[in-house]
Amino acid sequence: MGIAFIVVFYKDLFGGLHGCDSGINANRTYAIIESSQVTMNDALGLRRWSSRYALILLLAAAFVMGGVFLKTSAAHAAAEELYYTPLYNDANLVSYYRFEGNASDTMGNNNGSGANVSYGTQYGKFGQGANLNGGNSVITLSTTPPAGPFTITGWIDPQNISSTMGIVEAINESNNSGFLFGLGSGGELYFCFAGLSGCAQGGNVTAGQWQFFAITYGNSTQTVYLDGTQVASYSGTMGAYSGTYNMIGDWHGYSNDTNHYFSGNMDDFAFFSRILTPTEISSLYTGDLGTYFSSLNQYYPDQTTTISEGGVVDTTTVEFGATLGTATSNTVQLQVEIKPTGFPFTGTANVASSFVSNGDGIFTPYIASNGNYHWQARAVASDGSSSSWQSFGPAGTSTVDFTINAVPNNEESMYFNGSSGLAWPVSTAALSDTGPFTIEFWYKSTSTAGTIIDDRSTSTGEGFTVSKNSSGINLTLSCNGTSSIELQAADREANDDAVGYWHQVAITKGSAISTPFSLLFDGEEQTTTDCFNSSTTSSVWLGRSALSSTNYFNGDLAEVRLWDIQRSAADITSTANEEILPTSTGLIAYWPLNGTSTELVSGNATSAQDGSPTFVSSSPMGPHYIDFQWVPSVENGKILWASSTQYSTQWNAAVNTWNAVGPISIASTSSTSTANIILDDVDSSTYPWTDIVALWYPASGTTPGGIDFNSYYLASSTSNEIQNTATHELGHALGLDHSVYGNIMYYAQTSQTILGAQDISDYNYLWGN
């Protein structure tokens, strides 16, 4: 089942010992043990909102002082017509009747036909409204309202509540399906399935007074709201219907097919194909919009093409978009929580957009691997106020919102052996003091120094150099050939710049002269500085200095990209783990170094070569799996574990995380003789446990493998960090090697507890889904 324990130690910065290890603590020294050699290195874990014009004038006169608008202290703002709220732009608003002189559907094609209905401002809550006489008035709808899930909202001013009256119905008497909503004798609200097979009843309306109602159906529950407050609910399933009687203002079929016409006024009826949240319903009544979003949807990476609910896509990046608003602050962001199908929501966002102004639209991307996903979102204002979480879909009840089925690439990178380099003629890659710029690349080094990208002109010395030294990643700008400005990674990242692991670097600059450069290392901004001089260039060298055959890079390079735009951190992260289109906007040079050394944007061949760089199978995009000599702890499609640990809560969470991904079953056993992994706790800071928080080691002969947790260091770790450690080590037992940031299998301990896209992709590479 494996190799002798004496040779299971494997190079690993996550803890220092591999067979495999987990997470180093901050500001500690780790040990790498390879065979009989011991070397010491430094490393750090990443502990990483119109009212009516009259109201506006009144408020302006009463509350504007010195140019500052003071908020009213009334219990709530004036009620707002839905037309002026963000919900008017909601993608699930399917029919909307403002009753402005007719019963036309403002949003769709479900126009109503009014019989004996009068319209006018004297009948309206907002502008004009509809008056129904209680004897023969009715509005017949041309098509069936939403069959469910749905929400129907509106304002009613009943003039007579002494008898049963209908408000909205959609029934098919032939199969006794659909629903009826109206008032019982005395004004009690009734929301019933056809045939009165089940009713949510409660809340009494008052005659001669405008009142707001909302009814929702979904999740086998019908709910009634009156003036923004829930007053009734009933659990049951409504039969599907095509609709024979679809109308407003009548309750047909209540008793031997007699009509029960509404007497009074109606206004602002809206039909949604989703369940509005209690907050949204309340806001329509109070006019207090708070923090909100509308037009929530999922998109392809072009941010234009929508992904239908349950749709299958061949891209690993999905964009989530919405229009945001807030009445409480100046700016607001979109937060999204994405989970693999089968994983419950926790109310913690995976991704968040940048903050935007009230009323702006925004997108935020998420990178995922093949599999099924569901998600929810909320709007969060900069003052901390937020909307409720809302699950995507008509009801927010789907188990699969989108499925990713992307064909994996056979990725490669280019290895530079410390005495090699390649050059391309690129005259368009000059940095400018009045223009934006972005440089991106992945690297995995085998030494602490070397030039990675250099575009300095041999005649003027002007240009930029990106290099690696003992202090980390550096950008040096030679502005006039003699003076320079240097941008250097923070010291923490210098320590975290671990040899032998893939890292992504991005250096960006805005348009204005005073806009600073920013350096991002593994997705996190490190430091900034300004440059006020332009540079010129004639060619770009990879792997060595552009001025002479010196300062060679030793290691792998992949996905080198130069842009004449300033990409945001979110944009950079969204395309970090995938090849990009050469036609991408702003891309002026692109070397994927994936089996070809040709620069893709302009198709230039290399203009010079120094030494012999080669293509190798290692790639930040995977797959990442343990070398064949390290036998995973999987046997007959399962991993059995025995014994116990004080970190059982975090361990069980780790087991559940991996079990949800695919076919390998991870379960406990009471017999250590049949176990593939024995769990154990140690408490030590001495060799070989110096700064090692956990390790996995494979089986040796008939001796099972194990995972040991070191309480000496885990005592200072958070629960999420311990869960991250347990999930990481279990990943090694499954055969996964270290991968890239944003994933459980990142080489350093983090607080991440859910699997990243690369984790899932690598698992599927080994075991399928």
Side-chain angles (χ1 to χ4, degrees), residues 1-5 7-23 34 340 369-371 408 410-411 444 500-502 577 617-642 651 654-669 674-679 694-701 703-708 724-740 742-749 752 754-769:
M1 293 178 61
I3 57 179
F5 181 80
V7 294
V8 300
F9 297 109
Y10 175 72
K11 186 177 182 180
D12 185 343
L13 293 190
F14 201 90
L17 292 177
H18 202 293
C20 283
D21 47 82
S22 177
E34 293 183 280
S369 187
N370 288 353
N410 293 319
E411 299 292 343
K444 180 175 69 173
Y501 296 87
W502 280 108
N577 293 335
S617 60
S618 176
S619 167
M621 300 170 192
H624 308 87
Y625 56 93
I626 294 173
D627 188 87
F628 71 92
Q629 64 181 351
W630 306 104
V631 179
S633 297
V634 178
E635 186 175 15
N636 298 323
K638 58 188 176 181
I639 295 178
L640 297 178
W641 57 273
W651 169 256
V655 169
N656 292 337
T657 296
W658 286 114
N659 272 337
V661 179
I664 304 303
S665 172
I666 307 170
S668 63
T669 177
T674 62
N676 306 102
I677 295 175
I678 305 296
L679 304 183
L695 66 87
W696 163 81
Y697 51 89
S700 174
T703 303
I707 292 179
D708 291 346
N724 172 268
T725 297
T727 312
H728 178 101
E729 295 306 313
L730 189 48
H732 283 316
L734 284 162
L736 276 64
D737 203 352
H738 293 121
S739 61
V740 295
N743 291 274
I744 289 291
M745 300 311 294
Y746 187 50
Y747 74 95
Q749 183 193 58
Q752 179 176 345
I754 64 171
L755 301 179
Q758 196 64 57
D759 294 321
I760 299 173
S761 178
D762 292 341
Y763 178 97
N764 290 339
Y765 179 85
L766 288 176
W767 307 111
N769 190 332

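As the structure is a computational prediction, the values presented were derived from the model and not from experiment.
Although no hydrogens or angles enter the test, the distance criterion places no donor-acceptor pair under 3.5 Å between the side chain of Q752 and the main chain of N724. Counting only distance, with no hydrogens or angles, the side chain of N659 and the backbone of N656 share no donor-acceptor pair below 3.5 Å. At distances below 3.5 Å, not a single donor-acceptor pair connects side-chain atoms of N676 with backbone N or O atoms of V634.
P663 and W767 get closest at one heavy-atom pair: CG-O, 3.2 Å. Residues L679 and W641 come closest through the heavy atom pair CD1-CE3, 3.6 Å. Nearest heavy atoms, A757 versus N743: N-OD1, 3.4 Å. Summarising the geometry of M745 relative to D737, their closest heavy-atom pair is CB-O, 3.6 Å, with the distance given to 0.1 Å. For the residue pair T725 and A694, the shortest heavy atom distance occurs at CG2-CB, 3.5 Å. The two residues D762 and S739 come nearest to each other via the heavy atoms OD2-CB, 4.0 Å.
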Derivation of the side-chain contact (heavy atoms from CB on, under 4.5 Å) call for Y697 and D708: CA-CA 9 Å; Y697 51 89; D708 291 346; 3.6 Å; yes
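For the pair L730 and I666, the minimum side-chain heavy-atom distance is below 4.5 Å. In this structure, L640 and I677 have side chains that are not in contact, with every pair of non-hydrogen atoms separated by 4.5 Å or more. Between L734 and P632 there is no side-chain heavy-atom pair separated by less than 4.5 Å.
One side chain, W502 or S618, offers a donor N or O that lies under 3.5 Å from an acceptor on the other.
Residues that satisfy the side-chain contact (heavy atoms from CB on, under 4.5 Å) test with I678, not counting sequence neighbours, are A642, S643, T672, A675, P704. For the side-chain contact (heavy atoms from CB on, under 4.5 Å) test, residues two or more places apart in sequence or in another chain that qualify with T727 are A654, T657, W658, Q723, I744, L755.
A centroid separation of less than 6.0 Å is found between the aromatic rings of H738 and Y501.
Interatomic distance, T669 OG1 to K638 NZ, rounded to the nearest 0.5 Å: 8.5 Å. The distance from the OG atom of S761 to the CG atom of L736 is 9.5 Å, given to the nearest 0.5 Å.
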